[in-house]
Amino acid sequence: EVGILAKSYIDQGWLIPDDIMTRLMLNELKGLDRYNWLLDGFPRTVAQAEALDKECQIDTVIDLDVPFETIKCRLTARWIHPASGRVYNLEFSPPRVQGIDDITGEPLVQRDDDKPETVTKRLQAYDAQTKPVLEYYREKGLLKSFSGTETNKIWPHIYAFLHTKLPDVSQKDAAIPR
């Protein structure tokens, strides 16, 4: 029910309100205290960060400092095959025939939240709300920033940093509760 409500905000290009997003996330995090976990895109506001801090101990926060133009280009180049969920990107993983799914031959669609005007609106809202969150975690000494435009250049630095923060476990053991 709360997920359907959240989707209605996303489809209009809006960020999900704090109370709805916090309910969604904290519900998902219940029972994960025995595991290491990584959140992507949450919290996005100081109110969300404060609510998270009341429920969980945060060890580190990673900021991926990527220019908005790079993000916009990647998102607006994304097209999907709705029935299967297959994702194509016109820049680096295009379909063999433009606009057509490689496997079924059915048309691809662009999600409403990947359309240029929606992406621009979301990025502007993200910027306004996220800067205070970064400062919140910077003041707590938990923030580590990585800048760049290419995953293969940023990832090795993030990976090395995470190895300083996470227990050394093999892939096989990664899913075993601690």
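Values reported hereafter were calculated over all heavy atoms of this structure, with side chains retained and with hydrogens, waters and symmetry mates removed.
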Study note, to complete from the structure: Sorted by chain and residue number, the salt bridge (charged side-chain N to carboxylate O under 4.0 Å, His left out) partners of Lys115 (sequence neighbours excluded) come out as Asp112
Point to revise | Rounded distance [0.5 Å steps], OH in Tyr9 versus CH2 in Trp14 | key: 7.5 Å
Exercise for review: Decide salt bridge (Lys or Arg N to Asp or Glu O under 4.0 Å) for Arg86 and Asp101; before the verdict, give the C-alpha distance in whole Å, the side-chain angles of both, and the deciding distance to 0.1 Å.
Suggested key: CA-CA 8 Å; Arg86 271 185 294 283; Asp101 180 60; 2.8 Å; yes
Study note, to complete from the structure: So OG1 of Thr60 and NZ of Lys144: to nearest 0.5 Å the spacing works out to 9.0 Å
Exercise for review: Look up atom CG in Leu29 and atom CH2 in Trp37, then write down how far apart they are to the nearest 0.5 Å.
Suggested key: 4.5 Å
Check your understanding: Can you hop from Leu90 to Leu75 via hydrophobic side chains spaced under 4.5 Å?
Key -> no
**Study point:** Flag, side chain of Glu91 to backbone of Arg74, donor-acceptor distance under 3.5 Å
**Key:** no
Study note, to complete from the structure: In this structure, CG of Asn89 is separated from CG of Asp114 (nearest 0.5 Å) by 9.5 Å
**Study point:** Polar side-chain atom of Arg138 near backbone of Leu143 as donor-acceptor pair, under 3.5 Å
**Key:** no
Review point. When rounded to the nearest 0.5 angstrom, what is the spacing between CZ in Arg44 and CG in Leu134?
Key: 11.5 Å
Practice item. Please assess Lys165 against Asp59 for the test side-chain contact (heavy atoms from CB on, under 4.5 Å), listing each intermediate value before the final yes or no. Key: CA-CA 8 Å; Lys165 296 289 184 179; Asp59 298 320; 5.6 Å; no
Revision key, fill the gap. Minimal heavy-atom distance between Thr76 and Pro116, with the atoms involved, is CG2-CA, 3.5 Å
Check your understanding: At their closest point, which heavy atom of Pro43 faces which heavy atom of Leu52, and how far apart are they?
Key -> CD-CD2, 3.8 Å
Point to revise | Neighbour count above 12 (heavy atom, 6.0 Å) for Gln57 CD | key: no
Check your understanding: Within the side chain of Thr164, is there an N or O that forms a donor-acceptor pair under 3.5 Å with the backbone of Phe161?
Key -> yes
Check your understanding: Is the distance between the ring centroids of His163 and Tyr159 under 6.0 Å?
Key -> yes
Exercise for review: Could you walk me through whether Lys140 and Asp53 pass the salt bridge (Lys or Arg N to Asp or Glu O under 4.0 Å) test, one step at a time?
Suggested key: CA-CA 11 Å; Lys140 290 176 163 270; Asp53 283 350; 3.5 Å; yes
Check your understanding: For the atom pair NZ (Lys30) and SG (Cys56), what is the distance rounded to the nearest 0.5 Å?
Key -> 11.0 Å
Check your understanding: In terms of hydrophobic clusters joined by side-chain contacts under 4.5 Å, are Ile10 and Val109 together?
Key -> no
Exercise for review: Check whether any side-chain N or O of Glu135 sits under 3.5 Å from a backbone N or O of Lys131 as a donor-acceptor pair, and report yes or no.
Suggested key: no
Exercise for review: Using the rule that two of Ile, Leu, Val, Met, Phe, Trp, Tyr join whenever any of their side-chain heavy atoms come within less than 4.5 Å, decide whether Val133 and Leu24 are in one cluster.
Suggested key: yes
Exercise for review: Could you tell me whether Tyr126 atom OH has more than 12 heavy atoms of other residues or ligands within 6.0 Å of it?
Suggested key: no
Review point. Between the main-chain N or O of Asp19 and the side-chain N or O of Thr22, is there a donor-acceptor pair closer than 3.5 Å?
Key: no
Review point. When you check the gap from the basic side-chain N to the acidic O, do Arg122 and Asp113 get nearer than 4.0 Å?
Key: yes
Review point. Do the side chains of Val119 and Leu108 join up, straight or via other hydrophobic residues, at under 4.5 Å, putting them in one cluster?
Key: no
Practice item. Return the minimal non-hydrogen interatomic distance between Pro107 and Ile100, and the atom names on each side. Key: CA-CD1, 4.4 Å
**Study point:** Nearest atoms (heavy-atom pairs only) where Ala47 meets Asp18
**Key:** CB-OD2, 3.4 Å
Point to revise | same_hphob_cluster(Ile4, Ile20) at 4.5 Å side-chain heavy-atom cutoff | key: no
Check your understanding: Given Ile62 and Leu162, is the side-chain contact (heavy atoms from CB on, under 4.5 Å) satisfied, shown in steps?
Key -> CA-CA 10 Å; Ile62 296 173; Leu162 287 174; 3.7 Å; yes
**Study point:** Closest approach of Gln12 to Lys121 (non-hydrogen atoms, all atoms of both residues)
**Key:** O-NZ, 3.5 Å
Check your understanding: Can you name the closest pair of heavy atoms from Asp63 and Ser145 and give their distance?
Key -> OD2-OG, 3.0 Å
